[in-house]
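Structure, as structure tokens:
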Amino acid sequence: MNTTYYLTTAIAYPNGEPHIGHAYEYIATDVMARFKRLDGYDVRFLTGTDEHGQKMQQTAEQEGISPMELATRNADVFQDMDDNVLDVSYDRFIRTTDADHKASAQEIWRRMEAAGDIYLDTYSGWYSVRDERFFADDETHVNDDGVRIATETGTEVTWTEEESYFFRLSNYADKLLAHYQANPDFIAPQTRANEVIRFVEGGLEDLSISRTSFDWGIPVPEATDPALKTDKKHVMYVWVDALTNYITGAGFPDADSELKRYWPADLHVIGKDISRFHCIFWPAFLMSAGIELPKRVMIHGFLNNEGEKMSKSLGNVVHPAGWVERYGLDTVRFFLLREFPFGADGSYSHDGVVRRKNADLSNNLGNLAQRSLSMVYKNVDGQVPQPGELTAQDEQILADAAGLLDTWRTHFEKQDFYRALGAAWKVLDDTNSYFADQEPWVLRKTDEARMQTVLWVTLEVVRRIALLIQAVMPGSATKLLDALGVDASADAGRTNASGEGPRSYAAWDDQLAPGTPIAKPTPVFPRHEEDE
RNA sequence: GGCUGUGUAGCUCAGUUGGUGAGAGCGCACGACUCAUAAUCGUGAGGUCGGCGGUUCAAAUCCGCCCACAGCUACCA
């Protein structure tokens, strides 16, 4: 059995249209999943939607449909984006309304209760009767008439107390800090880890983890401890429910599940807005329930539109489908990972995307493949050339390309797609220099054997690059490998079948065989054309 | 306010434990080539390394202060 690799995206709260920020997270996680599959791991990739909560219930009521109907409609939008727009290779699209998830969430609750970490008390806060929800202190203000109102909705709020179950988060600050210290890669990037650590060092308050004011949620299981009994009907406060999806996806609580081997998760990929929930609440819940902790939480940044936040009011929200239609899926996937470090905020613009597409994809990679394959097609009888004795320059560029897999493995361990791609494109730069320096179009007339060597070396570099970028641009990479005459195997990282065969990383050192037929090449990465 | 971090060529950024005359990519200018998707290759442009002061034989790299910007400062997800 191969080593397992279990990774997840955050589950989306499907109360609106997905935007490019959602796509960013799904694409990055997909690239990670594909890379690991190509590298022979037994991968499980989970994504999905977080469907409970008061807001969903209210929206459904406004629309005159059931919460489940609303949730299904919106979950379908996200799943459709994964399937038909972004080509996300998830293994399961989990919904928090799935039956096995309900059982899972109730079981982790029972275990936290059994650990003595749950008690009954009252939750108090500023409550808006009109909005039927609580507001945090800083979400309210006192208006000119001396009335406290919710800033967001402008409705009056009153100090209200509601029965609620609490989780003894305050007991876990020291344990969490010890865990962070012992596992320096648990939270990345470092700057986010610092924020989390400082926060925990400041002390943790217990957490309200149930509500009675609405019922669109997973029911809190019957208490076993008499002190926890109540007549009121509680549903789980959303974070216990939502976070638990990650273990549901690994078969919890079924001890015999074949999915059990995937836990603990290797990687949770999330946005910076929910780092606290994943780096503090989630590990505390798991510690309480006696479940192993995930190995790493990678926190990515947000995307800005030409330096400005995306917002509906500015009208600059980018929808993934529109981008994919305009630039092409592989360009979008490449751009998002190549343009800025994962973990830092990024800024995108039309010009930026086009620059990457033309300079990196069409010119640097696409044209290198096209010029070398064209020469092979025209001058070597349409088959992979026969290399002769290799010069120091040949050896150098081949060695640089050969080293990329280890470079990628190192960078991917930290989800540093930016540097991984940078390293690959450095080799492409050098290969273009090599090609120009060797002048195979001159050798064609002066030294055909040498020309064949140069072309073979170039094709070998392109083959390795193509193998690597299957993870990032599965469609284009497949075309490239087709053009090189590499036998098809599996599906560019979409499934675990990609871990073997001539297109897997197991075949990294299987050089192109001279004599293999090469078809007449056509450009794999056309330049950007704007239809105006 | 507190905490954390950032501030290096037009743009995006690299710059290990302080030490060859401060770098890359993109964009730009000029030149070369013609196999190739008007692609590619070479050269250049001379940036007080945010500011001031200090430590040192020597600092972008250490210390102090200041300025600017960003993030975090708990229960909407």
Using a heavy-atom cut-off of under 4.0 Å over every strand shown, decide if [X] touches base, sugar-phosphate, or nothing.
{"X": "A/G366", "answer": "base"}
{"X": "A/V442", "answer": "nothing"}
{"X": "A/P440", "answer": "nothing"}
{"X": "A/D50", "answer": "sugar-phosphate"}
{"X": "A/F435", "answer": "base"}

Check ion pair [X]-[Y] (N to O, under 4.0 angstrom):
{"X": "A/R73", "Y": "A/E63", "result": "yes"}
{"X": "A/R198", "Y": "A/E195", "result": "no"}
{"X": "A/D394", "Y": "A/R450", "result": "yes"}
{"X": "A/R356", "Y": "A/E339", "result": "yes"}
{"X": "A/D430", "Y": "A/K426", "result": "yes"}
{"X": "A/D416", "Y": "A/R419", "result": "yes"}

Side chain of [X] only, please: which of [options] is the nearest?
{"X": "A/R444", "options": "B/A77, B/C35, B/U40", "answer": "B/C35"}
{"X": "A/N367", "options": "B/A39, B/C41, B/A14", "answer": "B/A39"}
{"X": "A/Y418", "options": "B/U37, B/C13, B/A74", "answer": "B/C13"}
{"X": "A/F525", "options": "B/C35, B/U37, B/G15", "answer": "B/U37"}
{"X": "A/S433", "options": "B/A74, B/C41, B/U37", "answer": "B/C41"}
{"X": "A/M375", "options": "B/C75, B/C35, B/A74", "answer": "B/C35"}
{"X": "A/A436", "options": "B/A36, B/C41, B/A39", "answer": "B/C41"}

For atom [atom1] of [X] and atom [atom2] of [N], their distance in whole Å:
{"X": "A/Q438", "N": "B/C35", "atom1": "CD", "atom2": "P", "result": "17 Å"}
{"X": "A/L368", "N": "B/A36", "atom1": "CG", "atom2": "P", "result": "14 Å"}
{"X": "A/L459", "N": "B/C35", "atom1": "CG", "atom2": "C1'", "result": "13 Å"}
{"X": "A/I197", "N": "B/G71", "atom1": "CD1", "atom2": "C1'", "result": "15 Å"}
{"X": "A/N432", "N": "B/A36", "atom1": "CG", "atom2": "C1'", "result": "10 Å"}
{"X": "A/E339", "N": "B/C13", "atom1": "CD", "atom2": "P", "result": "9 Å"}
{"X": "A/I518", "N": "B/A36", "atom1": "CD1", "atom2": "C1'", "result": "16 Å"}
{"X": "A/N245", "N": "B/A77", "atom1": "CG", "atom2": "P", "result": "15 Å"}

Enumerate the protein-to-nucleotides 1-5 of chain B contacts in which both atoms are nitrogen or oxygen and the separation is below 3.5 Å.
| unit_1 | atom_1 | unit_2 | atom_2 | d |
| --- | --- | --- | --- | --- |
| B/C3 | O2' | A/R198 | NE | 3.0 |

Could you tell me if the side chain of A/V196 sits less than 4.5 Å from the side chain of A/Y180, heavy atoms only?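 A/Y180 vs A/V196: side chains touch.
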Does a side-chain heavy-atom distance below 4.5 Å link A/L421 with A/W408?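 Yes. Closest side-chain heavy atoms under 4.5 Å.
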Okay, side chain of [X], backbone of [Y]: is any donor-acceptor separation there less than 3.5 Å?
{"X": "A/Y434", "Y": "A/V457", "value": "no"}
{"X": "A/H300", "Y": "A/E25", "value": "no"}
{"X": "A/E17", "Y": "A/H319", "value": "no"}
{"X": "A/T47", "Y": "A/T9", "value": "no"}

What residues from residues 202-212 of chain A pass a heavy-atom cutoff of under 4.0 Å to RNA chain B?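 A/G203, A/L204, A/E205, A/D206, A/S208, A/R211 - these, ordered by number, are the residues of the stretch whose heavy atoms sit under 4.0 Å from the strand.
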If you take any heavy atom closer than 4.0 Å to RNA chain B, which residues from residues 163-175 of chain A end up in contact?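 Residues of residues 163-175 of chain A that come under 4.0 Å of RNA chain B are, in numerical order, A/L169.
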Any side-chain N or O of [X] below 4.0 angstrom from OP1/OP2 of [N]?
{"X": "A/K445", "N": "B/C35", "answer": "no"}
{"X": "A/R527", "N": "B/A39", "answer": "yes"}
{"X": "A/Y237", "N": "B/A77", "answer": "yes"}

Every protein N/O within reach of nucleotides 22-33 of chain B N/O, cut-off under 3.5 Å:
| unit_1 | atom_1 | unit_2 | atom_2 | d |
| --- | --- | --- | --- | --- |
| B/C26 | O2' | A/R355 | NE | 3.3 |

Using the [atom1] atoms only, state how far [M] lies from [N], rounded to an integer number of Å.
{"N": "B/A29", "M": "B/C13", "atom1": "P", "result": "24 Å"}
{"N": "B/A59", "M": "B/U16", "atom1": "C1'", "result": "15 Å"}
{"N": "B/A45", "M": "B/G1", "atom1": "P", "result": "44 Å"}

Counting heavy atoms not belonging to [X], are there more than 12 under 6.0 Å from its [atom1]?
{"X": "A/D381", "atom1": "CG", "answer": "no"}
{"X": "A/K272", "atom1": "NZ", "answer": "yes"}
{"X": "A/Y377", "atom1": "OH", "answer": "no"}
{"X": "A/D174", "atom1": "CG", "answer": "no"}

With a distance cut-off below 6.0 Å to the six-membered ring centre and an angular limit of 45° from the axis, does A/R276 pair with A/F199 as a cation-pi contact?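 The answer is yes, since A/R276 meets both limits relative to A/F199.
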Which residue, A/F302, A/F412, A/Y24, forms the ring-ring contact (aromatic ring centres under 6.0 Å, His included) with A/F342?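 For A/F342, the ring-ring contact (aromatic ring centres under 6.0 Å, His included) check succeeds only for A/Y24.
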Using heavy atoms to find the nearest nucleotide of RNA chain B for A/F277 and A/S374 separately, return the residue whose nucleotide is more 5′.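 This one resolves to A/S374.
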Under 3.5 Å, which donor-acceptor pairs do the side chains of residues 202-209 of chain A form with other protein atoms, sequence neighbours left out?
| unit_1 | atom_1 | unit_2 | atom_2 | d |
| --- | --- | --- | --- | --- |
| A/D206 | OD1 | A/L169 | N | 3.2 |
| A/D206 | OD1 | A/S170 | N | 3.0 |
| A/D206 | OD1 | A/S170 | OG | 2.7 |
| A/D206 | OD2 | A/Y119 | OH | 2.6 |
| A/S208 | OG | A/S164 | OG | 2.8 |
| A/S208 | OG | A/R211 | NH1 | 2.8 |

Secondary-structure notation, RNA chain B, from Watson-Crick and G-U pairs under 3.5 angstrom (| other strand): (((((((..((((.....[...)))).(((((.......))))).....(((((..]....))))))))))))....
